[in-house]
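This report refers to the structure that appears directly beneath it.
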Amino acid sequence: MNLVADALKIEFGPSASWTHLAKYAALLRKAREFFERHDFLEVVTPILSRDTVVDRHLDPLRVVMYADPRQVSEGAEWYLQTSPEFHMKRLLAAGAPAIYQFAHAFRAGERGQHHNPEFLMLEWYVPGQSQLAAMQMLSDLANHLLEQGEAERITYRDAFLSLAMVDPFDDPVAKIAAAITSNPSQSPFPLDEAFRDDWLDWLLVERVEPQLGRQRPTILYDYPSSQAALARLRPGAAGSPAVAERFELYWQGVELANGYCELCDSEQLCQRFEENNRLRQQDGKQPLPIESGLLHAMRQGLPECSGVALGFDRVVMLAVGAPSLDDVMAFPYDRA
Amino acid sequence: MGTYNTSDFRKGLKIQIDGEPYLMIECNFVKPGKGNALYKCKLRNLVRGTVLDRTYKGGDTLESADVEEIDVQYLYRQGDQFVFMDNKSYEQYELPAVQVDETWKYLKEGLICSIVLYNGNPISISPPNHVELTVEYCEPGAKGNTATNVTKPVKVETGAEFLCPAFIDIGNVIKIDTRTGEYVERVSVKA
């Protein structure tokens, strides 16, 4: 058997220690305990579906649903889910109470110290919950799992202003670029307003994220509307731009969770997906199907709700103080 | 010449930028949940040794560099050129003194070194970690003084000088660590 493993050049043992795997199991129990205590219903939804989120930068893995095992490339194209979002929202549209699930999620090409193409997502939804209440619940869960106290909160704008001296809403792209590199001609994006979000993401990764959650877990909230993803927009106070009711949890500079006050307007969802497909094609990527079970459900009516997705492996990684996901996943990508 | 896509990026990749060869010594994948994938790379210039920090976005490409490392034998010096030979192909390679740099100190006839070839041309040389050299001249050895903390300059067969313990004499063979340029031990009294 070893010869086979050698031939495949794959380590056959787990990359995580038993101590870390035991901590992983303990945190799974703790998370379930939290949601049971708050009367959530645990659900299980498909990880393989004919639909998928249409996002510019999320690439779902495709699966051919062949009917004839002798012709495996013939059949409908389905997708491994990048998060269980679609099906969970369909449950909400069908009248679900507060729900949560642990789901395997898949994202093509994401491999690094803090990325694995397959990972465990803990995702939950609460009907009728405001952004404020949703952030409070996220903070409570983080404290329950990591025991680092109440999370600090800072708006996206204030975080950029105080940590990178840049106003993400008003400053020109050239100023954002100058905060990252002294040599913008050697950068991956042109100095063009059309690439504003790319520059902001890069600045986030380079200068802001590393300083987030150093003392206490930190929640970043009120994102630029161009980065709303599936969050609803809130009109800004007099004269200021609209913001997306989107929030993210950070601890030790690592992004742990992403939450929304969910967009419920099917028309807007359609528009955002069409725009994302346009950008995907501009990037040389395949467009993804716009029509979906979720869109159908939203046309019938999705109740106002909040939703949060948390990368569970990263939480375990930080809880044991390990530098890489490989230290807490039994079989990461290189051994899967 | 081939190209590498960001999905091929990893430590050890040899690539070229503006006609110069680089070694990818670090590549970190970072990506905000909803944002563009970025690859933060450190690239070492294989000719000059300088290090570049470059960030690439998913889908970017780099040109591969035709770089290989081979073992060669040092033959002789001809003016400003050092001449080496590949023992397998008998092909000869010449490196100018400026590229040989400090390594000249260890180059005795027949020494096996490794050189890096870029597009078939040698661009750098590294000697083995330890080299044995015969002492050609030094002040007379202090008989009976085996202390290694008293040193004196010693000239070896390549013409280079190294600091050695006082007991070393003309004709001794000494071992030098090429990474530090320091004396390691006396290998034999007579060459």
Side-chain angles (χ1 to χ4, degrees), chain A residues 53 55-59 82-83 107-116 180-183 186-189 195 197-206 208-210 220 223 226-231 244 246 248-250 253-260 276 279 283-285 309-311 314, chain B residues 1-65 67-69 118 123:
Chain A
V53 178
D55 193 293
R56 180 182 187 181
H57 297 303
L58 288 186
D59 300 309
T82 53
S83 83
R107 294 177 180 187
E110 300 195 2
R111 176 67 179 140
Q113 208 181 341
H114 297 155
H115 290 85
N116 199 63
I180 307 172
T181 171
S182 53
N183 193 4
Q186 297 297 348
S187 64
F189 313 109
F195 291 83
D197 283 320
D198 292 311
W199 283 102
L200 285 175
D201 279 341
W202 191 15
L203 181 57
L204 177 77
V205 165
E206 208 70 40
V208 182
E209 273 190 0
L220 204 59
Y223 277 63
S226 54
Q227 296 182 23
L230 297 186
R246 175 180 162 197
E248 293 228 3
L249 173 69
Y250 286 87
V254 180
E255 180 190 9
L256 290 180
N258 177 46
Y260 307 133
N276 284 342
L279 293 167
D283 294 341
K285 297 179 181 182
L310 173 139
R314 287 189 185 172
Chain B
M1 193 69 21
T3 55
Y4 292 117
N5 188 281
T6 42
S7 57
D8 305 315
F9 283 13
R10 67 194 141 70
K11 225 156 89 171
L13 215 62
K14 286 159 186 148
I15 44 130
Q16 58 183 351
I17 299 170
D18 301 332
E20 294 202 319
Y22 287 83
L23 177 71
M24 193 172 280
I25 52 175
E26 219 175 88
C27 177
N28 290 313
F29 174 87
V30 292
K31 182 181 188 298
K34 300 286 171 187
N36 218 325
L38 294 171
Y39 297 76
K40 294 174 64 175
C41 302
K42 279 195 193 304
L43 308 168
R44 192 170 64 220
N45 186 305
L46 288 172
V47 180
R48 289 178 279 126
T50 49
V51 174
L52 264 189
D53 280 301
R54 286 279 174 96
T55 299
Y56 298 93
K57 64 174 184 298
D60 281 352
T61 56
L62 283 172
E63 236 181 300
S64 68
V67 171
E68 65 171 326
E69 200 169 348
Y118 174 49
I123 52 169

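Convention: sequence-line order gives letters A, B, ...; per-chain numbering from 1.
- Of all heavy-atom pairs between A/Asp55 and B/Lys34, the closest is OD2-CD, 3.7 Å.
- Considering only heavy-atom pairs separated by less than 4.5 Å from chain B, the leading option among A/His115, A/His114, A/Glu255 is A/His115.
- If you measure heavy-atom distances from B/Thr55 to chain A, the contacts under 4.5 Å come from both the backbone and the side chain.
- Expressed to the nearest 0.5 Å, how far CD of A/Gln186 lies from CG of B/Asp53 amounts to 12.0 Å.
- Both the backbone and the side chain of B/Asn36 come within contact range of chain A, judged by heavy atoms closer than 4.5 Å.
- Heavy-atom pairs under 4.5 Å with chain B peak, among A/Gln113, A/Glu248, A/Arg111, at A/Arg111.
- Your options are B/Thr6, B/Asp60, B/Leu38, and the one with the most heavy-atom pairs under 4.5 Å with chain A is B/Leu38.
- Annotation for A/Arg107 and B/Gly33: closest pair NH1-O, 4.1 Å, computed over non-hydrogen atoms.
- Considering all non-hydrogen atoms of both residues, A/Glu110 and B/Phe29 come closest at CA-CZ, 3.7 Å.
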Task: Working for side-chain contact (heavy atoms from CB on, under 4.5 Å), residues B/Lys57 and A/Phe189 - done: CA-CA 8 Å; B/Lys57 64 174 184 298; A/Phe189 313 109; 3.4 Å; yes
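- Among the candidates B/Cys27, B/Gly59, B/Gly35, the residue making the largest number of heavy-atom pairs closer than 4.5 Å to chain A is B/Gly35.
- Across A/Asp201, A/Val205, A/Leu58, a single residue satisfies side-chain contact (heavy atoms from CB on, under 4.5 Å) together with B/Lys31, and that is A/Leu58.
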